[in-house]
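Shown next, in structure tokens, is the structure this report addresses.
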Amino acid sequence: MSNDSGRYVVLGKGEIERNRLNEGYLYFKNYARDSKVIYNDAVVISDDAFVLDLATGSGAWLLDLAETVPPSVTIYGVDISSAFFPYIKSEKNQNIHLLAQSCTSLPEDWTGRFDLINQNLVRGALTRDDWQQELKEMFRILKPGGHVQLFEGDCDDWKCRPGSAHEKMRELYKALLDKNSLMFDCGKRLPEMLAKVGFENVHSEVKYYPVNVNEGEGGKMGSNIISRFLRSLKPAILRHSGFGIVGSDEEYETLIAEVQREWNEGTPFFDLVLIYAQKPVV
């Protein structure tokens, strides 16, 4: 995986981005993942289990998990950058370990160590080759019978009315991902890629999430979270002169406002896909 921060097209910097990551985690947990930390009800975390959160970012998922499992469970968080790592130096969190490392090249002595691996929303960081290498690493470091769970976006079936703000935003987003060799149809491709690596019991389901402010608190939160995500793309988009689609900061802000108006008229945003799989026992 490239260490070039330019590859991280959806990742900003500072406390504003940290807050976006934390608030986004809670929103998607509550409104797209049925308030679950572990998606597959068949997964049982034993008292001596090892759990890994890849691309942990602000550590929102691993801190949430730590509240639900015994302190004897060992939890690792890995990210290529430590910029958003949470402060965990307390007696309560002595079972949490954070490591700045690429997810495509994990420690050799981790082979067969983990019972569960989690990863959320890293489409803006991994090329197709990165994904293939990372899935191989996941397979290597899981125990036989261990589980992986992924939560990713997928734009392949993003239906947009011709001439709509959503169509323009879709073109912009695809141009940005293509420019960085990132996967536009990530959520759709991952189940097949997991199976090719050797995983079994692969499950995938598209999850609805509200972005219409007329749908209550969830819709208001979704409109806020997703519009902030779109703003996080703005510097990268404008670095490429808006790909000939928008010409200025003001034009892009107007486009976001138009997208929000379409949400409130009933237009959904792109799909999010919940995926989980298991390494064979033998």
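Remember, predicted model here, so these are calculated numbers, not experimental data.
The shortest distance between side-chain heavy atoms of Tyr76 and Phe114 falls below 4.5 Å. Between Met138 and Phe199 there is a side-chain heavy-atom pair separated by less than 4.5 Å. Counting heavy atoms from C-beta outward, Met183 and Leu126 have side chains that stay 4.5 Å or more apart. Residues Val273 and Leu190 form no side-chain contact, since every pair of their non-hydrogen atoms from C-beta on lies 4.5 Å or further apart. With contacts defined as side-chain heavy-atom distances shorter than 4.5 Å, the pair Thr74/Val51 does not qualify. Side-chain contact between Lys174 and Phe243 is absent, with no heavy atoms from C-beta onward closer than 4.5 Å. No side-chain heavy atom of Phe139 sits under 4.5 Å from any side-chain heavy atom of Leu194. At least one side-chain heavy atom of Val78 sits less than 4.5 Å from a side-chain heavy atom of Leu52.
For His203 and Glu205, the side-chain atoms include at least one donor-acceptor pair closer than 3.5 Å.
Within the 3.5 Å criterion, the main-chain N or O of Lys220 finds no donor-acceptor partner in the side chain of Ser223. Asp115 places no side-chain N or O within 3.5 Å of a backbone atom of Gly146 that could act as its donor or acceptor partner. For the pair Ser82 (side chain) and Phe85 (backbone), a donor-acceptor distance under 3.5 Å is absent. Of the possible polar contacts, one joining the Glu251 side chain to the Gly247 backbone as a donor-acceptor pair under 3.5 Å is found. Gln149 places a side-chain N or O within 3.5 Å of a backbone atom of Val37 that can act as its donor or acceptor partner. Under a 3.5 Å cut-off, the side chain of Asn180 and the backbone N or O of Leu182 do not form any donor-acceptor pair. Judged by distance alone, with hydrogens and angles left aside, the side-chain atoms of Asp79 form a donor-acceptor pair with the main-chain N or O of Gly57 at under 3.5 Å. Side-chain N or O atoms of Thr267 include none that pairs as donor or acceptor with a backbone N or O of Trp263 at under 3.5 Å. Arg140 contributes a side-chain N or O that, together with a main-chain N or O of Leu106, makes up a donor-acceptor pair within less than 3.5 Å. Formation of a donor-acceptor pair under 3.5 Å by the Lys279 side chain with backbone atoms of Pro144 is not found in this model.
For the atom pair CG (Leu230) and CD (Gln260), the distance works out to 8.0 Å, reported to the nearest 0.5 Å. Taken from CD1 in Ile80 to OG1 in Thr56, the straight-line distance is 14.0 Å, to the nearest 0.5 Å. Taking OG of Ser164 as the reference point, atom CZ of Arg261 lies at 9.5 Å (rounded to 0.5 Å). Taking CG of Asp271 as the reference point, atom SG of Cys186 lies at 12.5 Å (rounded to 0.5 Å). From Arg170, atom CZ reaches atom SG of Cys160 across 6.0 Å, with rounding to the nearest 0.5 Å. We find the SG-CG distance between Cys103 and Leu54 to be 6.0 Å, quoted to the nearest 0.5 Å.
One hydrophobic cluster, built from ILVMFWY side chains closer than 4.5 Å, holds both Leu99 and Val122.
Figure legend: Arg33 and Phe151 shown as a cation-pi pair, the cationic atom lying under 6.0 angstrom from the six-membered ring centre and within 45 degrees of its axis.
Residue Val202 comes nearest to Ala195 through the heavy atom pair CG2-N, 4.5 Å, listed as atom of the first residue, atom of the second, then distance. The minimum heavy-atom distance linking Ile275 with Pro191 is given by the pair CD1-CD, 4.1 Å. Across every non-hydrogen atom of Leu116 and Ile45, the tightest pair is CD2-CD1, 4.1 Å. Closest approach of Lys207 to Leu274, counting heavy atoms only: CG-CB, 3.9 Å. Tyr39 and Leu150 get closest at one heavy-atom pair: CE1-O, 4.0 Å. Listed here is the closest heavy atom pair of Glu152 and Arg123: OE1-N, 3.3 Å.
The neighbour count for Glu265 CD, taken as heavy atoms of other residues, nucleotides or ligands under 6.0 Å away, is above 12. Heavy atoms from other residues, nucleotides or ligands lying under 6.0 Å from NZ of Lys36 number more than 12. When the shell of 6.0 Å around NZ of Lys136 is examined, it contains 12 or fewer heavy atoms from other residues, nucleotides or ligands. Counting heavy atoms of neighbouring residues, nucleotides and ligands inside a 6.0 Å radius, atom NZ of Lys168 does not exceed 12 of them. Within a 6.0 Å radius of NZ in Lys234, more than 12 heavy atoms belonging to other residues, nucleotides or ligands are found.
For Trp158 and Phe184, the gap between ring centers reaches or exceeds 6.0 Å. Ring pair Tyr209/Phe269: centre-to-centre distance not below 6.0 Å.
Under the 30°/60° scheme for interplanar angles, the aromatic rings of Tyr173 and Phe229 are found to stand perpendicular.
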Do Glu17 and Arg20 pass the salt bridge (charged side-chain N to carboxylate O under 4.0 Å, His left out) test, and can you show the C-alpha distance, the side-chain angles, and the key distance before you say yes or no? CA-CA 5 Å; Glu17 180 65 10; Arg20 185 184 74 82; 2.7 Å; yes
Would Tyr208 and Tyr31 count as a ring pair (Phe, Tyr, Trp, His ring centres under 6.0 Å) if you check the C-alpha gap in whole Å, the side-chain angles of each, and the deciding distance to 0.1 Å? CA-CA 8 Å; Tyr208 169 79; Tyr31 292 99; 9.6 Å; no
After noting the C-alpha distance and the side-chain angles of Val69 and Ile75, does the key distance pass the side chain to side chain contact (heavy atoms under 4.5 Å, CB included) rule? CA-CA 10 Å; Val69 298; Ile75 305 172; 4.3 Å; yes
Please determine whether side chain to side chain contact (heavy atoms under 4.5 Å, CB included) holds for the pair Leu255 and Leu172, giving the CA-CA distance in whole Å, both sets of side-chain angles, and the decisive distance to 0.1 Å. CA-CA 11 Å; Leu255 179 60; Leu172 266 176; 3.6 Å; yes
Would you please test Asp154 and Lys188 for salt bridge (charged side-chain N to carboxylate O under 4.0 Å, His left out) and show each step? CA-CA 6 Å; Asp154 183 84; Lys188 184 176 183 177; over 6 Å; no
Apply the test side chain to side chain donor-acceptor pair (under 3.5 Å) to residues Asn22 and Ser58: give CA-CA distance (whole Å), side-chain angles for both, the deciding distance (0.1 Å), then the verdict. CA-CA 7 Å; Asn22 287 333; Ser58 64; 2.6 Å; yes
What's the verdict on side chain to side chain contact (heavy atoms under 4.5 Å, CB included) for Arg113 and Lys143, showing C-alpha distance, side-chain angles and the deciding distance? CA-CA 6 Å; Arg113 176 175 294 194; Lys143 296 176 182 177; 5.7 Å; no
The test is side chain to side chain donor-acceptor pair (under 3.5 Å); show your working for Thr127 and Asp129 and say whether it passes. CA-CA 5 Å; Thr127 67; Asp129 288 344; 5.2 Å; no
Stepwise side chain to side chain contact (heavy atoms under 4.5 Å, CB included) check, Leu65 with Ile38: CA-CA 8 Å; Leu65 176 75; Ile38 299 175; 4.1 Å; yes
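Other residues sharing the hydrophobic cluster of Val281, ordered by chain and number and joined by side-chain separations under 4.5 Å: Val282.
Checked for salt-bridge contact, Glu253 and Arg231 meet the test: a charged N lies under 4.0 Å from a carboxylate O. A salt bridge is absent between Asp34 and Lys29: the closest approach of a Lys/Arg side-chain nitrogen to an acidic carboxylate oxygen does not fall below 4.0 angstrom. Taking 4.0 Å as the cut-off between side-chain N and carboxylate O, Arg18 and Glu15 count as a salt-bridged pair.
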